[in-house]
Amino acid sequence: MANVSLRSVEKEYDNGFKAVHGIDLDIHDGEFMVFVGPSGCAKSTTLRMIAGLEKISAGEISISGKVVNEVAAKDRGIAMVFQNYALYPHKTVFDNMAFGLKMQKRPKEEIKQRVEEAAEMLEITDLLDRKPKEMSGGQRQRVAVGRAIVRKPDVFLFDEPLSNLDAKLRVSMRVKIAQLHKKLKEDGNPATMVYVTHDQTEALTLGDRICVLNKGEIMQVDTPENLYNHP
Ligand code: ADP
Ligand code: ADP
């Protein structure tokens, strides 16, 4: 369980460009929050700041009350899924998914069990011995999601995870991600999810709430129902 809080968060890049202008937002325990908005509105910058991958220029971001940049990366309880999958090309699917757990020096049996469990959930059990280049984009993205799942994070961060997939795969993968959120809740281990997209359909179908960004500012935060009825 984890909540994510952003207080007066600003981002100015090294070249002087102000990408984020004072964002305030509370993402609740177990909530599925979607950041939506046109390209360049700072969705990705905001997500990367939550992940601790990008320095904050002003304000504060905390996860379950702990300020992000005061906690070691491995102890933040977050896992991120990138648009370009970011898999290790020379490792098998199993090893790609197991890598983070190996770094944490988890027992072999536990690693095997977690990887197999995640693979089953994502229907990639028969791919565990393959390498990324031997798979389709959709399969690779399942592996990327699997690699996040095995860490059992409190917070999942998704950066346009479906943008490189064709329309049909986008829908099936979207359903998988929604199922994952639901299943973790049903199993009593709800995860908070923060999901970046420029696709309105994705936002409306996935989000418990949607945060609409424009030019580094929040325009609206509301449920899909309310946004749809009062656009
Ligand atoms: P989005 O994810 O909504 O497409 P980004 O967060 O990637 O938007 O970018 C927000 C704005 O910040 C854009 O105008 C982009 O050009 C700018 N930006 C992103 N990264 C950098 C950087 N490293 N240096 C300078 N400007 C950047
Ligand atoms: P994303 O697909 O995550 O939005 P981009 O393709 O926009 O990423 O950017 C890729 C990388 O280039 C990121 O690390 C981002 O910080 C950097 N970047 C994006 N926009 C700019 C910019 N205007 N100036 C410098 N770096 C940028």
Side-chain angles (χ1 to χ4, degrees), residues 4-27 31-63 67-69 73 76 78-87 137-138 140-141 144-145 147-148 153 155-167 169-171 173-174 177-178 181 191-224 226-228 231:
V4 180
S5 140
L6 294 90
R7 291 278 167 272
S8 311
V9 172
E10 294 179 22
K11 176 66 187 181
E12 180 175 329
Y13 278 107
D14 290 343
N15 64 359
F17 180 75
K18 268 203 132 182
V20 174
H21 310 269
I23 283 187
D24 282 285
L25 182 66
D26 281 302
I27 305 172
E31 185 170 41
F32 201 126
M33 175 67 81
V34 179
F35 286 122
V36 73
S39 181
C41 71
K43 304 181 292 295
S44 181
T45 300
T46 306
L47 196 76
R48 291 201 308 262
M49 288 194 291
I50 295 171
L53 296 174
E54 194 78 71
K55 246 176 42 209
I56 301 170
S57 307
E60 190 171 276
I61 298 180
S62 53
I63 298 178
V67 178
V68 167
N69 47 346
R76 286 181 198 144
I78 59 171
M80 189 145 167
V81 178
F82 298 92
Q83 178 178 346
N84 59 4
Y85 327 125
L87 301 176
R140 282 179 209 161
Q141 195 52 291
V145 174
R147 196 175 45 182
V155 183
F156 283 82
L157 303 175
F158 294 95
D159 193 357
E160 301 254 8
L162 311 185
S163 298
N164 287 339
L165 306 180
D166 66 40
L169 275 174
R170 269 209 300 276
V171 174
M173 201 60 209
R174 194 178 82 205
I177 290 171
H181 186 243
T192 306
M193 298 200 171
V194 188
Y195 187 104
V196 162
T197 182
H198 61 268
D199 182 314
Q200 293 222 6
T201 309
E202 262 175 46
L204 290 169
T205 50
L206 283 172
D208 291 324
R209 282 192 301 159
I210 297 170
C211 176
V212 184
L213 291 175
N214 190 37
K215 295 185 179 160
E217 289 184 62
I218 294 181
M219 297 287 102
Q220 248 181 318
V221 187
D222 216 328
T223 60
N226 288 340
L227 282 176
Y228 189 70

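Order of listing sets the numbers, starting from 1, for every ligand and every atom in it.
Atoms of ligand 1 found under 4.0 Å from any heavy atom of Asn15 (numbered from 1 in listed order, with element): 25 (C). Near Phe17, with a cut-off below 4.0 Å to any heavy atom, the atoms of ligand 1 are 11 (C), 12 (O), 14 (O), 17 (C). If you number the atoms of ligand 1 from 1 as listed, the ones under 4.0 Å from a heavy atom of Gly40 come out as 1 (P), 3 (O), 4 (O), 8 (O), 10 (C), 11 (C), 13 (C), 14 (O). Atoms of ligand 1 found under 4.0 Å from any heavy atom of Pro38 (numbered from 1 in listed order, with element): 3 (O). Close approach of ligand 1 to Ser44 is summarised as follows: ligand atoms under 4.0 Å from at least one heavy atom of the residue are 1 (P), 2 (O), 6 (O), 7 (O). Atoms of ligand 1 lying under 4.0 Å from at least one heavy atom of Ser39, given by number and element, are 4 (O). Shown in contact with Thr45 at under 4.0 Å from a heavy atom are these atoms of ligand 1, numbered in order with element: 5 (P), 6 (O), 9 (O), 10 (C).
Considering both main-chain and side-chain atoms, Cys41 comes within under 3.5 Å of ligand 1 through a nitrogen or oxygen pair. When only interatomic distances are considered, the shortest N/O to N/O separation between Ala19 and ligand 1 does not fall below 3.5 Å. Checked against a 3.5 angstrom limit, the closest N/O atoms of Lys43 and ligand 1 fall inside it.
In this structure, CG in Leu53 is found 5.5 Å from CE in Met80, a value given to the nearest 0.5 Å.
Considering Val196, Val36, Val221, Ile23 as possible partners of Leu213, the one that fulfils the side chain to side chain contact (heavy atoms under 4.5 Å, CB included) test is Ile23.
Ring geometry for Tyr195 versus Phe32: interplanar angle of 30 to 60°, hence tilted.
Heavy atoms of Gly37 come nearer than 4.0 angstrom to ligand 1 in no pair at all.
Glu12 CD: more than 12 foreign heavy atoms inside a 6.0 Å radius.
With hydrogens and angles left out, the side-chain atoms of Thr197 and Glu202 include a donor and acceptor closer than 3.5 Å. Donor-acceptor pairing under 3.5 Å is lacking for the side chains of Glu10 and His21. A donor-acceptor contact closer than 3.5 angstrom is absent between the side chains of Ser57 and Tyr13.
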Legend entry - Asp199/Arg174 under salt bridge (Lys or Arg N to Asp or Glu O under 4.0 Å): CA gap, chis, key distance, verdict: CA-CA 12 Å; Asp199 182 314; Arg174 194 178 82 205; 5.9 Å; no
